[in-house]
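Fair warning: this is a prediction, and the values are worked out from it, not measured in the lab. Residue numbers begin at 1 in each chain, while the letters A, B, ... track the order of the sequences. Just so it is clear, the values below take in all heavy atoms, side chains as well, and ignore hydrogens, waters and symmetry mates.
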Amino acid sequence: MTSLLDNLNPEQLAAVTLPPQPALILAGAGSGKTRVLTTRIAWLISTGQTTPHGLLAVTFTNKAAREMLARLSAMLPINTRGMWIGTFHGLCNRLLRAHYRDAGLPETFQILDSADQLAAIKRLLKALNVDDEKYPPRDLQHFINGNKEAGVRADAAEAWDDWTRKKVALYAEYERQCQKEGVVDFAELLLRAYELLTRNEPLRAHYQSRFRHILVDEFQDTNRLQYLWLKLLAGHGGAEPAAVFAVGDDDQSIYAFRGADVGNMRDFEREFAVKSVIRLEQNYRSHGNILDAANAIIANNSRRLGKNLWTEAGAGEPIRLYEALTDMDEARWIVEEIQSLIRDGAARSDIALLYRSNAQSRVLEHQLFSTGIPYRVYGGLRFFERQEIKHALAYLRLIANADDDTAFARVVNFPTRGIGARSLELLADSARTYNTSLYATVPHLAGRPAASLAVFVRLIEDMRQATRDLPLPEVIDHVLEHSGLRAHYRAEREGEERLANLDELLNAGANFISEAEDPTLTGFLAHASLEAGEHQADAGQEAIQLMTVHAAKGLEFDAVFLTGVEEGLFPHENSIQETDGLEEERRLMYVAVTRARKRLYLTLAQSRMLHGQTRYSLKSRFIDEIPPQLIKWLTPRQAAARYYEPSQESAHRTPPRASSVPSRDLGGFRIGQLVRHAKFGEGVIVSAEGSGGDAKVQINFGGAHGIKWLMLAMAKLEAA
DNA sequence: CTGGTACCAATTTTT
DNA sequence: TTGGTACCAG
């Protein structure tokens, strides 16, 4: 029993053994957060304070939930199956399945992923003849999800102008459509579960008395609705509220753009009158210099809950900084450095290349590829998002729930069976008149298109009959064969991979029934929506790891190359306009830096190809926020000066694409040159117009002043 | 219904 | 530059 608590540091121990009361654990990067969370659960159970049945633990990703379960089984000889440990969406799905009638849903309700939701919205706009220029489907999707995540239904949504009123009306129409089809989107899972518990007193009382302990991971990433859901489930304000154990790090909140609200941490502290705030600041991951840099960067943010990382490990190596001329040079240099790291015995999978935006990966990939270094890029399409898989799932969904119009529309003519846009329009109109689903409307239709539609409906009916009593993998196999999907991809020139993926779907089905708690077709379909597949699989593979900084959250590597550390890129130029955008970028920088265990490289390029044109940028302000003594410049100081400066040093260098820049009389200045302006400070000349006395130059001064056009004659520039 | 082409926009993303 | 989408001809 005590062995459970061995090797915890004092703060971790304090957190794990807190009495049952609201607690907020501020867990810094690499401070053993998951360990504290799982040990807390194990401790609660092994000391008899609760049973596996009496607690609920919630995470954001399936990966985190799985890891928690795995660690828990290693700590305690209990069967974790059936425990309420999972993602917000997974747990809400479970709740809604168990009480589908009370929630007003069909037993086999389907879950729309984001792409399905968008398709459903487009279909709705078409059916209602709405101008999708004025109401872009994407905006509407954002509007609907934003409202749902704030806990606001269409009938409660406020509108001050016609445009918003129309959006609210469309939101209401969308709700109706989903209800009719028996489908729920991701946000709906949460909102529906929340409303179920709000309205159904006995049910609420049941779960409130059952879950006496609620543990929340990554609390800083919760949105408003998730917070309300937790508050409700905890019985906050009641006589015997559950003990909510919230773990998070406000400095690692990087998902505000998708609704995460760090404010929930403060609200939690206040509303739950949290007495125990525990800071986990001892870091077990990185060397001192890296932590010092991270601390220094994040100290520039205001409104922090406050935290400073430290380590017992030594200072370690300095942070290496390399400034290249172009993005290609940057990539070339990185790859050379990687080769030398590998020569020195580094494992490829312990080296990561991080970037702010996905577009940056191309150059890096190109260089790695041509050098023959194995690499892996994270963040592409996931298994259940592939076209052929979505098609197969659509057939399965129709078998489970024929009213699912999104699934219907997806495969009614795939493989092609002569059902064109005309017929579908006709069908959709009819469906509107009868207020039935597309599928159910088919028998009402007359004429030629009706015949081919009827054949399709017949096909689905036959498949449903034939698979009624088959085990899941055989159901899938039957559908693949009889839908014509296999034949279609067999005939396609490059269909081999798709065929292989379809076979993989069979395996997924087989795995599912051997492991799942709900081994039904409906269960499998929910699984496919909620767990689209691993972005972060094959971590053990011997390859260099490439990913965005966002995707790297939670991971760690011996050596990290953070690339493109430039104004405009990181911090991203768009973020400057957003409220608190810069602070979120800084948190992102903090996350990036704290991924490194031993060695951190920051790299940047003076010019970079972006959107088909060359862009010139300055080094990121975040570099200036790192104490200079922690940094080792790998670029000689004079080389860090701009190559296009008319100095002897750079005279022998070939300015890239010099010939493509039209030569103009810019009074001795050149495009790309670093200059100083009396008021705006340092900047790079990005482009120019006119020449001689009329010459105007566009200068990128970085975030504070941005990009400006100036009359050369007036600006009194000097070379910096 | 397929294939071509013209146009546009272009962070970050889990469920 | 790239990728996605939207529209038109065959």
Visitor: Is A:Arg66 paired with A:Glu531 through a side-chain N to carboxylate O contact shorter than 4.0 Å?
Guide: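 Between A:Arg66 and A:Glu531 there is a salt bridge, with a charged N closer than 4.0 Å to a carboxylate O.
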Visitor: For DNA chain B, which residues in residues 353-363 of chain A have a heavy atom at a distance below 4.0 Å?
Guide: A:Arg356, A:Ser357, A:Asn358
Visitor: Between A:Glu517 and A:Arg94 (salt bridge meaning N to carboxylate O under 4.0 Å), is one present in this structure?
Guide: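 Salt bridge: yes.
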Visitor: For the pair A:Lys33 and A:Glu218, find out whether any cationic side-chain nitrogen is under 4.0 Å from an anionic carboxylate oxygen.
Guide: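 Salt bridge present between A:Lys33 and A:Glu218.
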Visitor: Please report, rounded to the nearest Å, how far the P atom of B:dT15 is from the CG atom of A:Asn223.
Guide: 14 Å
Visitor: Would you check if A:Phe257 stacks with the base of B:dT12, given a 5.5 Å centroid limit and a 30° plane limit, both strict?
Guide: yes
Visitor: What's A:Glu585 touching, base or sugar-phosphate or nothing? Going by heavy atoms closer than 4.0 Å.
Guide: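 Base, at least one base atom sits under 4.0 Å.
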Visitor: Just the rounded figure in Å: distance from P of B:dT12 to CE of A:Met547.
Guide: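 The answer, rounded to whole Å, is 15 Å.
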Visitor: In whole Å, I'd like the distance from the CG atom of A:Leu424 to the P atom of B:dC1.
Guide: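 The answer, rounded to whole Å, is 8 Å.
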Visitor: Just wondering, are more than 12 heavy atoms of other shown residues or ligands nearer than 6.0 Å to CD in A:Gln387?
Guide: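 Counting neighbours around CD of A:Gln387, more than 12 heavy atoms of other residues, nucleotides or ligands fall under 6.0 Å, so yes.
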Visitor: State whether A:Ser575 places a side-chain N or O below 4.0 Å from either non-bridging phosphate oxygen (OP1 or OP2) of B:dT11.
Guide: no
Visitor: Can a salt bridge be assigned to the pair A:Asp116 and A:Arg123 using a cut-off of 4.0 Å between side-chain N and carboxylate O?
Guide: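 Result for this pair is no, no salt bridge flagged.
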Visitor: Check whether NZ of the Lys or CZ of the Arg A:Arg587 lies under 6.0 Å from the centre of the six-membered ring of A:Tyr590 and within 45 degrees of that ring's axis.
Guide: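 Because its charged atom misses either the 6.0 Å distance or the 45° angle limit, A:Arg587 does not stack over A:Tyr590.
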Visitor: What pairs with A:Tyr207 under side-chain hydrogen bond (donor to acceptor under 3.5 Å, both in side chains), at least two apart in sequence or on another chain?
Guide: A:His99
Visitor: Does A:Asn574 place a side-chain N or O at less than 4.0 Å from the phosphate oxygens OP1/OP2 of B:dT12?
Guide: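 Checking A:Asn574 against B:dT12: no side-chain N or O falls below 4.0 Å of OP1 or OP2.
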Visitor: Determine: side-chain N/O of A:Arg382 to OP1/OP2 of B:dT15, distance under 4.0 Å, yes or no.
Guide: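 Result: yes.
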Visitor: Salt bridge or not between A:Arg382 and A:Glu385? Use side-chain N to carboxylate O under 4.0 Å.
Guide: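 Yes, this pair counts.
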Visitor: When you list every nucleotide of DNA chain C with an atom under 4.0 Å from a heavy atom of chain A, which one comes first 5' to 3', and which comes last?
Guide: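 Counting from the 5' end, contacts occupy C:dT1 to C:dG3.
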Visitor: Within the modelled atom types, does a donor on one side and an acceptor on the other bring the side chain of A:Ser114 and the base of B:dT15 under 3.5 Å apart?
Guide: yes
Visitor: Output the rounded distance in Å from CG (A:Leu189) to C1' (B:dT14).
Guide: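 My rounded result for the distance is 13 Å.
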